[in-house]
Amino acid sequence: MARTFSAEDSAILRQLHADGLNRNGIARQMGWSVGTITNHAQHLGLSFDREGFRADSDCGSGPPWCVR
């Protein structure tokens with residue numbers, strides 16, 4: 001029998017998103033596919049803004065492992 005995304009799942013998704021977890025981390029923690037998390041996040045009006053990732057990818061005075 002197929003699982004359905006419940007109201008409880010939506011609440012957990014909202015909380016994990018608010019805690020700052022990324023899409024893949026939420027999918028792993030909740031046991032759903034990344035696509036399912038993406039679809040339900042969009043339905044809930046949540047987004048996974050990549051702006052922070054772009055800023056981190058600019059090494060500047062970043063961590064020593066950052067290669068330009």
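No donor-acceptor distance shorter than 3.5 angstrom exists from the side chain of D19 to the backbone of L21, with no hydrogens or angles considered.
Taking NE2 of H17 as the reference point, atom OG of S47 lies at 5.5 Å (rounded to 0.5 Å). In this structure, H43 NE2 and L13 CG are separated by 11.0 Å, a value rounded to the nearest 0.5 Å. Remark: I12 CD1 to Q15 CD distance equals 10.0 Å, nearest 0.5 Å.
For F48 against I26, the heavy-atom pair with the smallest separation is CE2-CD1, 3.8 Å.
Looking only at side-chain heavy atoms (C-beta outward), H40 and D9 stay at 4.5 Å or farther from each other.
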Under 3.5 Å, side-chain donor or acceptor atoms of residues 29-38 against the rest of the protein: list the pairs with distances, not counting sequence neighbours.
from : atom 1 : to  : atom 2 : distance (Å)
S33  : OG     : T36 : N      : 3.1
S33  : OG     : T36 : OG1    : 2.9
T38  : OG1    : R23 : NH1    : 3.3
T38  : OG1    : V34 : O      : 2.9

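The side chain to side chain donor-acceptor pair (under 3.5 Å) test applied to T4 returns no partner, not counting sequence neighbours.
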